[in-house]
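Order of the sequence lines fixes the chain letters, A, B, ..., with proteins taken first and strands second; residue numbering starts at 1 for each chain.
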Amino acid sequence: MSGFDLSKLKSTSVVDDAQLSNEELALKCQWETLSASGAPDEFATQLNNYLRNNTYIVGTKPTAADFSIFKAIYAAASSWVKTQDASILAQHRHILRWIDLIENTILDLQIPADQKFKLNFDAELPREIV
Amino acid sequence: MSSLQIFSDRGSKIPSLVRNLKIGIGAAVFQPSVKLVADTDNEEYNLTLVDKKSGFQLIEANAIVKYLAATSKKGSKDAFKVDPVELVLDDILKKRKFNDSILPLVKPFSQADATSIPQIFAFATLYPVLTKTAHKNEGFEDLKSWFNAFAALPEVIEGVKAVTSLTHLERSKEKN
């Protein structure tokens, strides 16, 4: 995963704010605010817990928040993957699953295939205790 | 009766007070039937809004206030618009620097309005600085005047009262 220019990515194929419910707009607001809160470890833990039961940032629809949070957390996620440490990967497993989804759906045509995350889905991770 | 419940941030530092003030005032203004309470059964210290009917949850103060506003009787999705002052206020909270240096960053509002979300956020963020008894208002008389007018609004009095009874700040050590 070599570094491509995140600033050149454009948010496409996302659901417009006008089509979101109050609950979805509140979730979008929440995660955008938390991503800029200056507490990256706490944010990663909260986001990972949330994505355990949710496909996208507002639940079931891709929105501009998936795009902005993808950009905000990409560098940290790259460092987790580079470690290949099972405990670190396990700790962020839901974020990594979500990054893989975003890369291969709403950002699919914008990131060269050789620069996408190479997640090893066969890696043995400790069982998740909820 | 509302199916919403709001649990306060049980931390003992200033950012917890600021977050609690936002949601305490937000609830008093937009949904007075929803009371801020401390969830002492839970090990988590973070604030939470829960809809008992749907299970919907929020854990961030700005989003909670906007959701309470949007779902209030006169509410609309406009509540979710971001005012530029919010970014300044979020940055103050992020840096956790609650002293006079933050005062020039916030321009006074022309009129105190409890239904203004930026004013609720500004009041909560400035509260730890502007309520210090030793505070001198030199150069910030307009800001203090707006702050005092906002503090005197009935919903704000109620919100602040609920929060101060739930938030117990750790006293910081005196510096020599």
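Checked by atom type, the side-chain pair B:Tyr67/A:Glu23 shows a donor-acceptor distance below 3.5 Å.
In the displayed structure, B:Arg96 atom CZ is contacted under 6.0 Å by at most 12 heavy atoms of other residues, nucleotides or ligands. The environment of B:Glu141 atom CD is dense: over 12 non-hydrogen atoms of other residues, nucleotides or ligands sit within 6.0 angstrom. Around the NZ atom of B:Lys52, the shell of radius 6.0 Å holds more than 12 heavy atoms that belong to other residues, nucleotides or ligands. Atom CD of B:Glu158 is surrounded by 12 or fewer heavy atoms from other residues, nucleotides or ligands within 6.0 Å.
For the pair A:Trp31 and B:Ile59, the minimum side-chain heavy-atom distance is below 4.5 Å. With contacts defined as side-chain heavy-atom distances shorter than 4.5 Å, the pair B:Phe80/A:Asn22 qualifies. Residues A:Cys29 and B:Lys66 are in side-chain contact: their nearest non-hydrogen atoms beyond the backbone lie under 4.5 Å apart.
Hydrophobic clustering (side-chain heavy atoms under 4.5 Å, transitive across Ile, Leu, Val, Met, Phe, Trp, Tyr) keeps B:Phe56 apart from B:Val50. Note: the hydrophobic cluster containing B:Val37 does not contain B:Val163 (ILVMFWY, side chain heavy atoms under 4.5 Å, direct or indirect links). Taking hydrophobic clusters as Ile, Leu, Val, Met, Phe, Trp and Tyr residues chained together by side-chain heavy-atom distances below 4.5 Å, B:Leu105 shares a cluster with B:Leu21.
Neither the backbone nor the side chain of B:Glu86 comes within contact range of chain A; no heavy atoms are under 4.5 Å apart. Heavy-atom distances place the backbone of A:Ala18, and not its side chain, under 4.5 Å from chain B. Heavy atoms of A:Gln46 lying under 4.5 Å from chain B belong exclusively to its side chain. Looking at A:Thr33, the atoms closer than 4.5 Å to chain B (heavy atoms on both sides) all sit in the side chain, from C-beta outward.
Under the 3.5 Å distance criterion, the side-chain polar atoms of B:Lys77 are matched with a main-chain donor or acceptor of A:Leu20. In this structure, the side chain of A:Gln30 engages the main chain of B:Glu60 through a donor-acceptor pair within 3.5 Å.
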